[in-house]
Structures are given as C-alpha cells and as structure tokens.
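First the structure, in the form of structure tokens, and then the observations on it.
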Amino acid sequence: MAKVKGPTPQSQDFSQWYLDTIQLAELADYAPVRGTIVVRPYGYALWENIQRVLDGMFKETGHQNAYFPLFIPLSFLQKEAEHVEGFSPELAVVTHAGGEELEEPLAVRPTSETIIGYMWSRWIRSWRDLPQLLNQWNNVVRWEMRTRPFLRTSEFLWQEGHTAHATREEAEDETARMLGVYLKFAREYAALPVIPGKKTEREKFAGAVYTTTIEGMMKDGRALQSATSHFLGQNFARAFEITFQDKDLQEKYVWTTSWGLSWRIIGGIIMTHGDDQGLVLPPKLAPIQVVIVPIYKAESKERVLSAAKTLESELAAAGLRVFTDDRDQYTPGYKFHDWELRGVPYRVELGPRDVEANAAVIKSRIGEKETVALGELKDLLPAQLEAFHEALLSRALTYRKARTRVVDDYEAFKEAVAEGFALAYHCGDPACEKAIQEETKATARVIPLEFPKHGVLQDDEALRETGEGVCIRCGRPAAYGRRVVFARAY
RNA sequence: CGGGGCGUAGCGCAGUCCGGCAGCGCGCCUGCUUUGGGGGCAGGAUGUCGCAGGUUCAAAUCCUGCCGCCCCGACCA
C-alpha cells in the first residue's frame, strides 16, 4: 500500500474536492492571468463531445453556425439600457492597439447580442429574411471578481444562439424550444436532473423581457444555472433599429431571442456525479467510455497485450470509445485508481487467467467487479453504459428530491436552503428577494414551468403544483401562482 | 476595495524566531526486479529561497520598499 493520491474528501471540504479533482484528473489547470484556465486535452475532449451533441441538436432545429468578432465598439454595449448596466462592471476593454490609443475603446465581447443586432439591422429588410436562426461557438470575457474553474472564469467557452422573428409568438416559441433542447441535453446526455422554468425579474438576463433556465443541484446542495434561453422581446430590435417590412406593408421591429450553454456545464457534471474517488462521467459524453487494463508478467505480456488489442478493435467497431492502457511503468492497481479518478464509466481487466479462460473482469465506476466471456463484451458493454447513464440520472434525481423541501415559514426556509432547495411562495418583489439573499445567502433560482409542446416537463410532481399562498418572508400575497425554488447558488 | 494567509526543486512543505554547507516527502531520470487495487532495491538530476535595495566577514533567515497568489467578505445572467 503506497501513499494515497486523491482529492480531498467531499465531506471534508466540497469546494477543495472540486478543485483537487479538476487538477488531478487533468481536466484543466490554472493559467498565469487571474481567473483564466487552460483546458487540458482530457477536459477538452469532454467539451468536444458536449459540442458535438449540442451542435447536432441545433442543426436539427434549423439553426446555422456563424462567427461574429471578438471586439465590439464600446458604444454598442451602451445602446440597451439594462444591458449596459448589467455588463459594464465586468467588461474588459481594449484602449490601445498598434502602439496607439484607439479613437473608440473596444469591448472584448461579454456576449454578442449587440454586434449581432447591428449586423441584423443591415441584413434584415423583409419578412422574407426572417427568421434568422444563428448560433456561434466562441469565447467571451467577463471580469468576475471571484473565479472558479469552469464555473466562473474570466474567459469562457460557450455557444450563444441568436434568433430574430417576425412575431412575438414565434420568438417566444423559439425561447421555449431551445430550453427544451437544453433540458433534453442535460437529462439524456449529461444525466443531470435539472429543473426548467423562468427566472424572476431580479435574476433575469440584462436586456431580456424574461429568461428561462435549467437549474441543477450539486452534491453540496447548492444550485447551478446550467443553461439559459432568453426572450428579448423588441429590446435589442429597438436599440439597433432592426426592422422589416411585413406582409401587411407595415415596417416593424423584429422579436429576438438568445440562448447559451457554457463550459460551466462541465462543473455541473463534476459536482453532480463525482465522488471521493474523483470524477464520474456520464457515458454519452465521456472521452473514454471503456478502458482496458492489461495485466501481465514478462512471460505472458505478449499474449495478454495481443488479446487486449483484439478486444479494443472489437469494442471500437461496436461504436465504443475505448482505450487500452498499456503503459509499462505503472502497476494494474495504479491504473485502476487513475482511471477511476478520471471518471471512466467502465473498466475491463484482462490478465493471463482471463485470456486462458476466454473471459475478462469488468467493473463499472459505480459498481462491483464481474467476470464475463470475452465474446459477449461488444454487446454487453453498450447496454451496460446505457444502464450506467440511467443509474447516474436517477441517483442524482433521488438526491435532489431528498434535499428539496416544501416550506411555509421563514425558519424552515432558512434550514432548507442551508441543505438544498426550498420550494416557497414569494411576493415577487425584487427588494424582498434581495432581503432574502442578505438574510440567508439564498436567491430565487427558478419558477418551475412546463412547455409541453417542446418537451419541457418537470421530473418531480412537487414542481408541477400550482396554488396561491403568501410570501415566505414578508407575508404579502404570492406571485407566480406556484412555489419558487430558492437555493444558494454558484 | 476591507480582513486574513502564503511566496524555498515540477507539486506539497520544513528551515526564518536565534544569520554560518539548500533540506524532506511525492513526482522525474537510469538499471535491476515486480505487475489481479496506488510495488521493491540501488543510483541520479533538478533552486534567481517572489523582486529590488540595505545591514553584515557572511542573508532564505535581520531591515526598508515593491510585486504576485490564495482564502473570507463585498460583487456577480
């Protein structure tokens, strides 16, 4: 037994566990500039899988990718009142270039509504130019005061979708449709049981009419906003004069939406599924789904490695992302720990005894070892990975439900948000929300809603209930006609 | 911006009080051996002691100034 190389236990210090795990699993490392990170190959492979899946879903819903510039004239950000107020404090601004002071400072984009709005004002003339259904994969910069890898970094990677429509109905429909895409991605690929719904006025996007969101619960009971889809109304259309001539010959402002998902979702995956051994990755996104660890002595090395390579080819042919760890300098035990730390869903151990018996030992990242005939693996493992996904999703949902409490008095509310989610009535007054935050550190995370047309449904009966009540804090009549999810958030 | 802490090998740290050969663990390199849950033995490499100045025969250590990072708070789609 040698020294233990592993993350700080979750129970001891969850935040430290998170930071340790990212470093030890080689997902990312700190970069020289405060708040910036380097995404290492293993972490980037995870991001690429996220990109590939989501990009396919965007294309299926009719969107096209484009690319808008990193630099935006500072004046653009100032055209929409709420937008400028929301983003000014965290803007990075370029004042010098080419050895000279610039005539107009350039904002490094914190998001692209403004520059896209500007371009649309030039491109859109007729109702025939609508809808515009665009997406871009890029980086944005927001100079946050406190940073944390993946969750809040000075620069981050994401996708931002932007659409423009002829009617309000169409734009609102788009907003709900894309929330549905994110919800599907979260549940069916990332195994994250998230709660869909609307943000309160206080928590909405700066410049939106309203913001929809999916909110997840991390293993420490805190909430993570995992993606957002905004209905922007005509706010940006008016700011940038984006108009079109409609069928009825009238000149009208377009209706726009925007929606985004960032690498923060990686943080969500880590903190939802991980354990004291390290990462646990959902199989559909895992860079490596199955790792083969060959076990041999000098005399059996050739036989075992040959069998491992044959198996690798078979599994790859069956569509699995498989890797054979034939590093000679490490013992099998070391490799077991190493791949568990990296969250690989399934491991196949292949030694002389197994090769002799035409079998292998398999072990799920969250289960026990079992012996299986070699020939069965290519059919068995894909089914096992599917089951693994379901196990992660249901485990996380069970956990969230256990840490969610329906509360009707403020003391119970305080206890609930110290541990997880509180479902409570609220008056809807932003000042009251602020007071709650000051008194409990909790904020309104989401008003649970469903949009059945787009598959946006709750996974917990308690989130579906409607009703009238009085505000948990001030006792005034409640808004929204249902309970709101409150929690401490990342 | 307020409060606290830390800068010494790739990483984690001791040494600083009381000035006197630059250390420990892990990792890394070489060889032999080992390999079914983080092996063993032997040998080896690696330092602008955050930066600048000062005191001294002598500074990681004392003095002065500066810089950076981390944590807590404020801030934050």
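First the proteins, then the strands, lettered A, B, ... as listed; each starts at 1. Just so you know, these numbers use all the heavy atoms, side chains as well, and skip hydrogens, waters and symmetry mates.
- Rounded to the nearest Å, the gap between the P atom of U16(B) and that of A60(B) is 14 Å.
- Taking a pair to require two hydrogen-bonding distances under 3.5 Å in either a Watson-Crick or a G-U wobble arrangement, C32(B) pairs with G40(B).
- Using C1' as the reference atom, U46(B) and G10(B) are 9 Å apart when rounded to the nearest Å.
- Applying the 3.5 Å distance criterion, the base of G36(B) shares a donor-acceptor pair with the side chain of Asp354(A).
- Applying the Watson-Crick and G-U wobble criteria (two distances, each under 3.5 Å), G27(B) pairs with nothing in any strand.
- Glu349(A) comes within 4.0 angstrom of a nucleotide base, judged by non-hydrogen atoms across all strands.
- The same atom, C1', is picked in G38(B) and in A22(B); the two are 31 Å apart, to the nearest Å.
- Listed nucleotides: U35(B), G38(B), G37(B). Nearest to the side chain of Phe336(A): G37(B).
- Considering only the side chain of Gln437(A), C76(B) comes nearest among C76(B), U35(B), G36(B).
- Following rounding to the nearest Å, Ile295(A) (CD1) and G38(B) (C1') show an atom-to-atom distance of 14 Å.
- When atom types are taken as modelled, the side chain of Gln289(A) and the backbone of Pro283(A) share a donor-acceptor pair closer than 3.5 angstrom.
- Nucleic acid contact for Val361(A): base, since at least one base atom lies under 4.0 Å from a heavy atom of the residue.
- If you take CG of Leu24(A) and C1' of G10(B), they are 14 Å apart, rounded to a whole angstrom.
- The residue Asp328(A) sits apart from the nucleic acid: no heavy atom pair falls under 4.0 Å.
- The same atom, P, is picked in G12(B) and in G50(B); the two are 14 Å apart, to the nearest Å.
- At a threshold of 4.0 angstrom between heavy atoms, the contacts of Arg445(A) with the nucleic acid are absent.
- The cationic atom of Arg347(A) (NZ for Lys, CZ for Arg) lies less than 6.0 Å from the six-membered ring centre of Phe336(A) and within 45° of the ring axis.
- With hydrogens and angles ignored, the 3.5 Å screen pairs no side-chain donor or acceptor of Lys434(A) with any backbone N or O of Arg202(A).
- Residue Arg327(A) contributes atom CZ, which lies 17 Å from atom C1' of U34(B) at whole-angstrom precision.
- Atom CG in Asp326(A) sits about 14 Å away from atom C1' in U35(B), given to the nearest Å.
- At a threshold of 4.0 angstrom between heavy atoms, the contacts of Lys369(A) include nucleobase atoms, whether or not backbone atoms are also involved.
- The side chain of Glu90(A) lies closest to C76(B) when the candidates are G73(B), C76(B), U35(B).
- We find that NZ of Lys434(A) is positioned 11 Å from P of A74(B), with the value rounded to whole Å.
- Using a 4.0 Å heavy-atom cutoff across all strands shown, Glu340(A) reaches at least one base atom of the nucleic acid.
- Here the separation of A45(B) from C62(B), taken at their P atoms, is 31 Å to the nearest Å.
- Taking the six-membered ring where the residue is Trp, the centroids of Trp120(A) and Phe236(A) are separated by 6.0 Å or more.
- Among the protein residues, Trp158(A) comes within range of the nucleic acid bases, having at least one heavy atom under 4.0 Å from a base atom.
- Using a 4.0 Å heavy-atom cutoff across all strands shown, Pro352(A) reaches at least one base atom of the nucleic acid.
- Between the P atoms of C66(B) and C24(B), the separation comes to 36 Å (whole Å).
- A straight line from CG of Leu19(A) to C1' of C71(B) spans 11 Å, rounded to a whole angstrom.
- When both pairing distances are held under 3.5 Å, G7(B) makes a Watson-Crick or G-U pair with C67(B).
- For the pair Gln329(A) CD and G27(B) C1', the computed distance is 13 Å after rounding to whole Å.
- Within 4.0 Å (heavy atoms only), Thr111(A) reaches at least one base atom of the nucleic acid.
- Between the side chain of Arg222(A) and the main chain of Ala489(A), a donor-acceptor pair closer than 3.5 Å is present.
- The nearest heavy atom of RNA chain B to Gln225(A) and to Leu350(A) marks one nucleotide each, and the one closer to the 5' end goes with Leu350(A).
- Look at G2(B): its Watson-Crick or wobble partner, with both distances under 3.5 angstrom, is C72(B).
- Minimum atom distance to the side chain of Glu144(A) is reached by C76(B), of the listed G37(B), C76(B), G36(B).
- On the P atoms, U61(B) is 16 Å away from G65(B), given to the nearest whole Å.
- Counting only distance, with no hydrogens or angles, the side chain of Arg365(A) and the backbone of Gly343(A) share no donor-acceptor pair below 3.5 Å.
- Using N1 to N3 plus N6-O4 or O6-N4 for Watson-Crick, or N1-O2 and O6-N3 for G-U wobble, each under 3.5 Å, U55(B) pairs with nothing.
- Nucleotides C49(B) and G15(B), compared at atom C1', are 10 Å apart to the nearest Å.
- Rounded to an integer number of Å, the gap from Glu85(A) CD to C75(B) C1' is 14 Å.
- Contact annotation: Thr331(A) reaches the phosphate of G39(B) (side-chain N/O to OP1 or OP2, under 4.0 Å).
- Side chain of Asp276(A) to backbone of Gln10(A): a donor-acceptor contact under 3.5 angstrom is found.
- Mapping Ala206(A) and Tyr296(A) onto RNA chain B by nearest heavy atom places Tyr296(A) closer to the 5' end of the strand.
- Here the rule is side chain to side chain contact (heavy atoms under 4.5 Å, CB included) with Glu312(A), and of Val348(A), Val322(A), Asp326(A) only Val322(A) fits it.
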